[in-house]
Each structure stands twice: as C-alpha cells, then as structure tokens.
2 protein chains.
Amino acid sequence: MTSTKPLTANQQLVLGVLKRSPSPLSAYDILHRLRNKGLKAPLQVYRALKVLVDLGITHRLESLNAFVACSGENCRQAGMSGFMICNLCGRAQEFYNRQLNDKLQSISADQEFVASHTVVESSGICAQCKKTPVN
Amino acid sequence: MTSTKPLTANQQLVLGVLKRSPSPLSAYDILHRLRNKGLKAPLQVYRALKVLVDLGITHRLESLNAFVACSGENCRQAGMSGFMICNLCGRAQEFYNRQLNDKLQSISADQEFVASHTVVESSGICAQCKKTPVN
DNA sequence: CGTTTAATGTTATTACATTACATCATGCAT
DNA sequence: ATGCATGATGTAATGTAATAACATTAAACG
C-alpha cells in the first residue's frame, strides 16, 4: 500500500540510465549520458539521485563516488545491503545477508551506538574475471 | 621483525596531526594545519597519506572523504576494521570483530569473490551524544 | 665524486558536490 | 477565474577532493 509519488521526468531519466548500466556510474557519467535529453548541469543529476537514494531504489557507493540502481525489489525493507566491487570489470554485485546485518546490529548495540546507515563495500576480483582475465 | 623504513618528515607531520585530532580530518584540513610547517600543496599531504594508509597506521573513511590515525597498535595483522561514525560529535570509533570478519569472508567465498579490501562504516549517534545532546 | 633512486616541491588540471538565486508549473483556497 | 503557496527546474558560480605532469633536491652507494 505504499502509494508513493510518481518519479519526475529527471528522476526517471537518471534511474533509466542507472538501470541500463552494467556498472556503477558517477553523477558526471550520468550527466554526460543525458546531455542529449536536455540535462545540462550537475545539480539536475544530484537532485534526482538524492530522491532515488532516499527512496532506496538507488544506492551510493562511497568507495567509488558512484551510484547503482538497486538490484532487489524490496531494498527498503530488507535493511542494509552490501556490495562486492570488481576492480577489473567494474561491476558491483549487491547482496543482503541477515546474519551480517544482525552482527553489525549487535556490535553497535554493544557500544550503545545508534546506527542510521551502514556502508559495506568489498573491492576485489569477481568470479567471472578470475576465470577470464580480461573483460 | 618488521624492521620498516622510518617515516619521512612530511609523513610524521601528517601522522602527528591525525593522532592529535579527536575526529577524522580531510586532506585539506590536514594541509591547513600544516601550513605553518611549510606544507603548501595538497599533493604533499596526499602522498604522505598514501604511505600511512598503505602501512596500515592510518585509515581512510570512504563515507567522509577523511582520514584517521589507527587506534590499535597492530592494525595490520588484525585484518579488516570497521568504524562507527557519530553524526553529532564527528568522532569515529574504530572496531575489530572476528565474527564480522569471518562472515564477510564467507559471503565473498560463496560468490567466489576475492576481496582485497573491505569498508565497513556505520554512521549514527554515539553513546556520549545520546546522553548529552550537544557537544 | 658522480650516478641512481627516492622524496619533495610546484603548478595546473580534473573530478565530485553544493550554494544561491531565478523561473516555471501545479494545486487549490477564496 | 485569480492569486498565492509549493515543489520542481534551470543556470551560474563556487567550493571541496584528488591527481597529472614536471622540475628540484637529498640520500645511498658504487
């Protein structure tokens, strides 16, 4: 029943670009790809990204200064998610893990720390790239 | 017997500033504090930071674009560490947790992903700030 | 010594992100 | 309908983070 406001034109454009991309894009990458759609300034992209991220349908990768469309449907309720980022092909695989979540919770609780957001990002080499060195 | 090369002048200056700071500093914050010591350009700081981070005696906080001195002695061997970052006082509390580590390992292993580095950063409110709202 | 190598210094540039302010569109109360 | 409030957009300028390219200096060592 989460009847939420529909996305605006710019937000749809940005989300579309992210969904089509196999790997994370920086705000300026996105802007570049939307020049032909009339977007001209970084702020137009950053504004759209903010909404998408707040909605939970896009994630920001802190270690990359880049953004990806959420891969799961129900990211919002699933709690925190993590990413495995391949240094060779550039792809970012999103994952959810209940136990990891719980462990992070308990670590916070031990310190009486109230976490509002948690970033988990591993960088390395993905299975694909391990097999076929170049991509 | 890890007889390692001694730190250079700039590296010592940067590390000193980080150790004295109660919270993470950006490279430009550091530069600002070292103007009086003769440092003039960002690169001087970034170069020193790179060495310190590679040595494992300083950490980069991806979600803050900032740096902190390592709080433990033996960070290098302890494996990956995480941070709890308070949005009010700005302090970053470092932590190690074996089980968290293991869990991250196993998640990677499941996907046949070979992680070289993992970022874990929670932001929220620390125990201190919860008690005494302003700091 | 002179040569190699690592560290530094300096300038310029690129990449990432936000502030400030003007404009436009929409909804809706009178 | 008219006028006002609100939210979305557009645009320019600026601020902040990071690196490239190249010149210079210092230390190591045959």
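Throughout, protein chains are lettered first and strands after them, A, B, ... in sequence-line order, and every chain is numbered starting at 1.
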Next on the checklist: Restricting to ring pair (Phe, Tyr, Trp, His ring centres under 6.0 Å), what partner residues turn up for B:Phe83, sequence neighbours left out?
Outcome noted: B:His59

Checklist entry - Are side-chain heavy atoms of A:Thr58 and A:Val68 found at a separation under 4.5 Å? => result no

Next on the checklist: Can you confirm whether B:Met84 sits close enough to B:Cys126 that some side-chain heavy atom of one is under 4.5 Å from a side-chain heavy atom of the other?
Outcome noted: no

Find out if a path of hydrophobic residues (ILVMFWY) with successive side-chain heavy-atom gaps under 4.5 Å connects [X] to [Y].
X	Y	result
B:Val53	B:Leu15	yes
A:Leu39	A:Val17	yes
B:Leu64	A:Leu61	no
B:Ile107	A:Met80	yes

Checklist entry - Residues from residues 11-33 of chain A sitting under 4.0 Å of DNA chain C, heavy atoms only? => result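 The answer is A:Ser26, A:Tyr28.
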
Next on the checklist: Counting only heavy atoms and a strict 4.0 angstrom limit, can you tell me which residues of residues 58-67 of chain B come near DNA chain C?
Outcome noted: none

Next on the checklist: How bent is the helix from C:dC1-D:dG30 to C:dT30-D:dA1, measuring the angle between the end axes built from five pairs each, rounded to 10°?
Outcome noted: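 Inter-axis angle at the ends, rounded: 10°.
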
Next on the checklist: Does atom CZ (A:Arg98) have a neighbourhood of more than 12 heavy atoms from anything else shown, all under 6.0 Å?
Outcome noted: no

Item to check | side-chain hydrogen bond (donor to acceptor under 3.5 Å, both in side chains) partners for B:Asn10, two or more places apart | outcome: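 Testing B:Asn10 for side-chain hydrogen bond (donor to acceptor under 3.5 Å, both in side chains), a comparison that skips the adjacent residues, returns none.
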
Next on the checklist: Using the side-chain hydrogen bond (donor to acceptor under 3.5 Å, both in side chains) criterion, which residues pair with A:Thr118? Sequence neighbours excluded.
Outcome noted: B:Ser122

Checklist entry - Would B:Val120 and B:Phe95 satisfy side-chain contact (heavy atoms from CB on, under 4.5 Å), going step by step from the backbone distance to the final call? => result CA-CA 10 Å; B:Val120 175; B:Phe95 67 86; 4.3 Å; yes

Which pairs would a plain distance check flag for residues 19-33 of chain B, meaning a side-chain donor or acceptor within less than 3.5 Å of a matching protein atom at least two apart in sequence or in another chain?
residue, atom, partner, partner atom, Å
B:Ser21, OG, B:Ser23, N, 3.2
B:Ser21, OG, B:Ser23, O, 2.5
B:Ser26, OG, B:Tyr28, N, 3.4
B:Ser26, OG, B:Asp29, N, 3.0
B:Ser26, OG, B:Asp29, OD1, 3.4
B:Ser26, OG, B:Asp29, OD2, 3.2
B:Asp29, OD2, B:Ser26, N, 3.0

Go through the structure and list residues passing side chain to side chain contact (heavy atoms under 4.5 Å, CB included) with [X], not counting sequence neighbours.
X	answer
A:Val51	A:Gln11, A:Leu55
B:Gln12	B:Leu7
A:Glu62	A:Arg60, A:Val119, A:Glu121, B:Glu62, B:Ser63

Checklist entry - When you list every nucleotide of DNA chain D with an atom under 4.0 Å from a heavy atom of chain B, which one comes first 5' to 3', and which comes last? => result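 Contact span on the strand: D:dA17 to D:dA21.
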
Checklist entry - In residues 37-50 of chain A, which residues come under 4.0 Å of DNA chain D by heavy atom? => result A:Lys40, A:Ala41, A:Leu43, A:Gln44, A:Arg47

